[in-house]
Q: 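Here you go, one structure.
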Amino acid sequence: MTSNLFTPYKFNDTLTLANKILMAPLTRCMADDDLVPTQAMADYYARRADAGLIISEATIIRPDGQGYPHTPGLFTPAQINGWRVVTDAVHQKGGKIFAQLWHTGRVAHPHFFAGGDVLSASAQAVEGTVPRMRELIYQTPKAASLEDIKQLVADYAQAAENAIDGGFDGVEIHGANGYLIDQFLHHDSNRREDEYGQSAENMSRFALEVVDAIVARIGGDRTALRVSPGAYFNMAGDPRDRDVFDYLLPELAKRDLAFLHGGIFDDSMEFDYLGGTISSYLRSVYPKTLVGVGSYTAETGSAAIAANKFDLLAIGRPFIANPDYVEKVRKGAELVPYADTMLSELI
Ligand code: FNR
């Protein structure tokens, strides 16, 4: 029933996956105090090396990108070396792994980086507090200056180069889930009046500059992007956001990326202003390799691929509960159900 998941998929001349199951990026907050990946993280990823491609947990590109405790980084030599232990372990077991590059923007908190500005597209705060740290109330961010934007783009490109130095097979730029890049792409968080705001082209500019800088540094064949055209997390939706993504996605299609990945927890959720689900909208405007995700089982994901709704399937929570997810699906064995309590340990 799921046999179409077990055939290889060629992204490009650089990269062919052994199967069509991706491990979705999953933040685990288990790096050490210097945001260096640990041996336990290397073991955790290595146990999942039979995924066609692992996408790492979101990894911050610089200190002010941090919004949660103990999320790993890719900006110090120790962090790069720590990731090399992870990528070596995955490669030794025949796997492939991309780094997900992250800056949380207005979802950052100075608690994690010893003070300083929280940067976003505009001075529009997100409501609430850091999860499980109620004393840390989200602050009103500073609208990034043109100088700040230039530096952010440069720092994304440097982090991509660091990822390659750390042994990753490529990077997925985290443009989804209401974090920094997404904050430029939605009207809720982008109220700018300069060349980064108001029109679809302007609101897409930061995302495209980050993509282009990374492609220039490591090549489009090793670069992917995750986007959330439907706002659902850390963000309020606005029907005008549709125009932004209608502009952005064909622009991305010109750039020959490895893949585009939807960012959503449940892909049965419909967005009025997108005329349907995240995957159906992305398929309608983006003609290249698309990864679907969001509450799929191997069976429903396999059926969606057979129906040409997307090309590859990313699996999140079931991979937390089942390190041997791929093997179990291949054999038709029963899966352990996911529970939030599993987040306290790296099994
Ligand atoms: C996530 N998700 C997520 N997404 C992302 O782009 N970067 C990340 O670091 C994380 N971290 C994360 C942690 C945890 C504990 C969960 C449950 C989810 C979202 C994830 O990649 C995926 O889109 C969703 O989990 C939906 O897929 P499943 O779990 O229904 O297969």
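Counting starts at 1 for both ligands and their atoms, following the listed order.
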Q: Note the single closest protein heavy atom to atom 25 (O) of ligand 1, along with its residue, its atom name and the distance in Å.
A: Arg317 NE, 3.8 Å
Q: Ignoring angles and geometry beyond distance, decide whether Arg226 reaches within less than 3.5 Å of ligand 1 through its nitrogen or oxygen atoms.
A: yes
Q: So for ligand 1, is Ser295 a polar contact partner (N or O within less than 3.5 Å, distance only)?
A: yes
Q: Is a side-chain donor-acceptor pair under 3.5 Å present for Asp182 with His174?
A: no
Q: Classify the contact between Arg28 and ligand 1 as side chain, backbone, both or neither, using a heavy-atom distance cut-off of under 4.0 Å.
A: neither
Q: Looking at Tyr281 versus Phe271, is the centre-to-centre ring distance below 6.0 Å?
A: no
Q: Can you figure out which of Phe265, Trp102, Tyr68, Phe233 has its heavy atom closest to atom 18 (C) of ligand 1?
A: Phe265
Q: Show me the donor-acceptor pairs within less than 3.5 Å that the side chains of residues 107-122 make with the rest of the protein, sequence neighbours left out.
A:
{"residue": "His109", "atom": "ND1", "partner": "His111", "partner atom": "N", "Å": "3.0"}
{"residue": "His109", "atom": "NE2", "partner": "Ile137", "partner atom": "O", "Å": "3.1"}
{"residue": "Ser120", "atom": "OG", "partner": "Gln183", "partner atom": "OE1", "Å": "2.7"}
{"residue": "Ser122", "atom": "OG", "partner": "Arg191", "partner atom": "N", "Å": "2.8"}
{"residue": "Ser122", "atom": "OG", "partner": "Arg192", "partner atom": "N", "Å": "3.4"}

Q: Please write down residue, atom name and distance for the protein heavy atom closest to atom 7 (N) of ligand 1.
A: Gln100 OE1, 2.8 Å
Q: Could you tell me whether Gly316 and ligand 1 have an N or O pair separated by under 3.5 Å?
A: yes
Q: Out of curiosity, is Gly263 lining ligand 1, as in a heavy atom under 4.0 Å away?
A: no
Q: For ligand 1, note which part of Val293 has a heavy atom under 4.0 Å away: side chain, backbone, both or neither.
A: side chain
Q: Only heavy atoms count here, so choose which of Ala321, Ala176, Pro25 is nearest to atom 3 (C) of ligand 1.
A: Pro25
Q: Centroid-to-centroid, Phe245 to His186, below 6.0 Å?
A: yes
Q: Using a strict cut-off of less than 4.0 Å between a Lys/Arg side-chain nitrogen and an Asp/Glu carboxylate oxygen, indicate whether Lys288 and Asp311 qualify as a salt bridge.
A: no
Q: With a 3.5 Å distance limit and no angle check, can you tell me whether Ser302 reaches the backbone of Met1 through a side-chain donor-acceptor pair?
A: yes
Q: For Tyr247 and Ser199, test the side chains for any donor-to-acceptor distance below 3.5 angstrom and give the result as yes or no.
A: no
Q: How far is atom 11 (N) of ligand 1 from its nearest protein heavy atom, and which residue and atom is that?
A: Thr27 N, 2.8 Å
Q: We want to know whether Thr7 and Lys20 form a side-chain donor-acceptor pair, criterion being a heavy-atom distance below 3.5 angstrom.
A: yes
Q: Measure centre to centre between the rings of Phe310 and Tyr296, then say whether the value is under 6.0 Å.
A: yes
Q: Record the part of Ile264 in heavy-atom contact with ligand 1 below 4.0 Å; permitted values are side chain, backbone, both and neither.
A: backbone
Q: Purely on distance, is any nitrogen or oxygen of Tyr296 under 3.5 Å from one on ligand 1?
A: no
